[in-house]
Chemist: 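The structure under discussion is supplied below as structure tokens; questions concerning it will follow.
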Amino acid sequence: MAKLTHLCVLLLWAGQKPALTATPEGLRVRQQPPSLSVMRGETATLSCHFKVESLKYGVQWFKMKSEKQLIPKSSRQFVVEKNQTSSLLIAEVTLEDSGWYYCEVNVLQKDPEWGNGTELVVLAPPSAPQIYLQSPTDPHTGQWALFCLTGGFHPSELTLTWTYQSAGVIIDHLPLTNCTLPAPHPHAELSEHLTDGAVLSSDRLGNPKCFQVTDNHSREAYLFSVFLLPQKESLETGITFTCSVQDHPARTAALTTSFTWGKLKN
């Protein structure tokens, strides 16, 4: 019975998170949190906790790129140490600040020990979507197109959704096409029928397509969708198209804008 009790104690101890204590073999260094998401322009605080018995120690912070890069002290990046905790503060974070950060604790006559690392994710929200109408060379016989554009966001995680409804009858929205990032095949499918029975076949409305552009310098992403509109003369009433942007980690609510095409009631 005593052996069984001892075994249970060992199993419980093995399942617990190790305490942060100094050992004869070296230091225990832990960084918190493992991942930190901060909006662009805010201040990020990365913490490194350690336990040392010697008063002769030093802490350095590094950012990992192709090789470790020492974080220099500046008006925007500085380190605060208190009670064997080192905190790296980065003010007015930019997208370029995203990455992995590590602290290194050096104690006299001991090998340096690294923390487990913290991933800093800087978020930039998408802009409100804007709809643009592209006119053909000949407005009477040419094909009109509709664009929806959003941009300036990071990371590249976003859903752009087109919906439509009849301007003359109150009906539920039906999805027209979705552009989801990241996606290996950004081309969306087209619903061919309106709920009021009017047909928008692929040869009349065109095949909606999604395009992503990333600014290599600013790391901001842009997403736009375009499709061909039906001829106004073929419509008995107007159609309202709504472009929505959602599912981005920097926003909790969807952003929408609308455009009405075709005949309107007097």
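Just so you know, residue 1 is the first one in the sequence shown, and it goes up from there. Please read these numbers as outputs of a predicted model, since none were measured by experiment. Below, all heavy atoms of this structure are taken into account, side chains as well, without hydrogens, waters or symmetry copies.
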Chemist: Could you check if a side-chain atom of Pro112 sits within less than 4.5 angstrom of a side-chain atom of Val105, using non-hydrogen atoms only?
Modeler: no
Chemist: Looking only at heavy atoms, what is the nearest atom pair of His248 and Ala124, with distance?
Modeler: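 For His248 and Ala124, the tightest heavy-atom pair comes out as CE1-O, 3.2 Å.
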Chemist: To the nearest 0.5 Å, what is the distance between CG on Leu229 and CG on Leu146?
Modeler: 5.0 Å
Chemist: Identify, with sequence neighbours excluded, every residue that meets side-chain contact (heavy atoms from CB on, under 4.5 Å) alongside Glu119.
Modeler: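 For Glu119, the residues satisfying side-chain contact (heavy atoms from CB on, under 4.5 Å) (neighbours in sequence not counted) are Ser35, Trp100, Val121.
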Chemist: For Asn116, which residues count as a side-chain contact (heavy atoms from CB on, under 4.5 Å) partner, sequence neighbours excluded?
Modeler: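 Residues passing side-chain contact (heavy atoms from CB on, under 4.5 Å) with Asn116: Arg30, Gln31.
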Chemist: Can you list, pair by pair, the side-chain donor-acceptor contacts under 3.5 Å of residues 131-140, counting residues two or more places apart and other chains?
Modeler:
from   : atom 1 : to     : atom 2 : distance (Å)
Tyr132 : OH     : Gln130 : OE1    : 2.6
Asp138 : OD1    : His140 : N      : 3.1
Asp138 : OD2    : Thr141 : OG1    : 2.8

Chemist: Less than 4.5 Å apart, any side-chain heavy atom of Leu108 and any of Tyr57?
Modeler: no
Chemist: I'd like to check Lys209 versus Cys179 (side-chain heavy atoms, cut-off strictly below 4.5 Å). Are they in contact?
Modeler: no
Chemist: Checking Ser244 against Gln246: is there a side-chain donor and acceptor pair closer than 3.5 Å?
Modeler: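 The answer is no; no qualifying pair exists.
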Chemist: Parallel, tilted or perpendicular: which fits the ring planes of Phe227 and Phe241, with parallel below 30° and perpendicular above 60°?
Modeler: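 Correct class here is tilted.
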Chemist: Looking at every non-hydrogen atom in both residues, tell me the closest pair between Gln84 and Lys51 and how far apart they are.
Modeler: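 What the structure gives for the nearest pair is OE1-CA, 3.1 Å.
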Chemist: Is there a donor-acceptor contact under 3.5 Å from the side chain of Thr118 to the main chain of Pro33?
Modeler: yes
Chemist: Just distance, no hydrogens or angles: give the donor-acceptor pairs under 3.5 Å from side chains in residues 40-48, sequence neighbours left out.
Modeler:
from  : atom 1 : to     : atom 2 : distance (Å)
Arg40 : NH1    : Glu220 : OE2    : 2.8

Chemist: With a 3.5 Å cut-off and sequence neighbours excluded, list the donor-acceptor pairs that the side chains of residues 148-156 form with protein atoms.
Modeler:
from   : atom 1 : to     : atom 2 : distance (Å)
Thr150 : OG1    : Ser127 : O      : 2.8
His154 : ND1    : Val122 : O      : 3.0
Ser156 : OG     : Gln212 : NE2    : 3.3

Chemist: Give, for atom CZ of Phe147 and atom SG of Cys243, the distance between the pair rounded to the nearest 0.5 Å.
Modeler: 12.5 Å
Chemist: Using side-chain heavy atoms (C-beta onward) and a distance below 4.5 Å, is Trp61 in contact with Lys68?
Modeler: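 Contact flag for Trp61/Lys68 side chains = no.
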Chemist: OG of Ser37 to CG of Leu123: how many Å apart, nearest 0.5 Å?
Modeler: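 It is 5.0 Å, given to the nearest 0.5 Å.
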Chemist: Check whether any side-chain heavy atom of Cys103 sits under 4.5 Å from a side-chain heavy atom of Val29, and report yes or no.
Modeler: yes
Chemist: Is the gap between the ring centers of Phe211 and Phe224 under 6.0 Å?
Modeler: yes
Chemist: Kindly compute the distance separating CG (Leu70) from CZ (Phe62), expressed to the nearest 0.5 Å.
Modeler: 5.0 Å
Chemist: Which heavy atom of Ala145 sits nearest a heavy atom of Leu228, and at what distance?
Modeler: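 Residues Ala145 and Leu228, closest heavy atoms: CB-CD2, 4.0 Å.
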Chemist: Is any side-chain heavy atom of Tyr101 closer than 4.5 Å to one of Ile90?
Modeler: yes
Chemist: Are Ser98 and Leu120 close enough that some pair of their side-chain heavy atoms sits under 4.5 Å apart?
Modeler: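 No, side chains not in contact.
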Chemist: Between atom CD1 of Ile71 and atom OH of Tyr102, what is the distance when rounded to the nearest 0.5 Å?
Modeler: 12.5 Å
Chemist: Would you name the heavy atoms of Pro129 and Leu255 that are closest together and state the gap between them?
Modeler: CD-CB, 3.5 Å
Chemist: I'd like to know whether Ser225 forms a side chain to side chain contact (heavy atoms under 4.5 Å, CB included) with Cys210, so could you lay out the CA-CA distance, the side-chain angles of the two residues, the decisive distance to 0.1 Å, and finally the verdict.
Modeler: CA-CA 4 Å; Ser225 177; Cys210 308; 4.3 Å; yes
Chemist: Carefully, step by step, assess Val59 and Glu104 under the rule side chain to side chain contact (heavy atoms under 4.5 Å, CB included).
Modeler: CA-CA 6 Å; Val59 182; Glu104 182 186 71; over 6 Å; no
Chemist: Considering non-hydrogen atoms only, spot the tightest contact between Phe50 and Ser86 and give its length.
Modeler: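 Taking Phe50 first and Ser86 second, the nearest heavy atoms are CE2-N, 3.9 Å.
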Chemist: Decide yes or no for Val245 and Leu158: does some side-chain heavy atom of the first lie under 4.5 Å from some side-chain heavy atom of the second?
Modeler: yes
Chemist: Mind checking the OG1-CG spacing from Thr214 to Leu223? Nearest 0.5 Å is all I need.
Modeler: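 Taking OG1 in Thr214 and CG in Leu223, the distance rounds to 10.0 Å.
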Chemist: Not counting sequence neighbours, list each pair that qualifies as a side chain to side chain donor-acceptor pair (under 3.5 Å) and has a residue in residues 73-82.
Modeler: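 As it turns out, the side chain to side chain donor-acceptor pair (under 3.5 Å) pairs with a partner in residues 73-82, which skip direct neighbours, are Arg76-Asp97.
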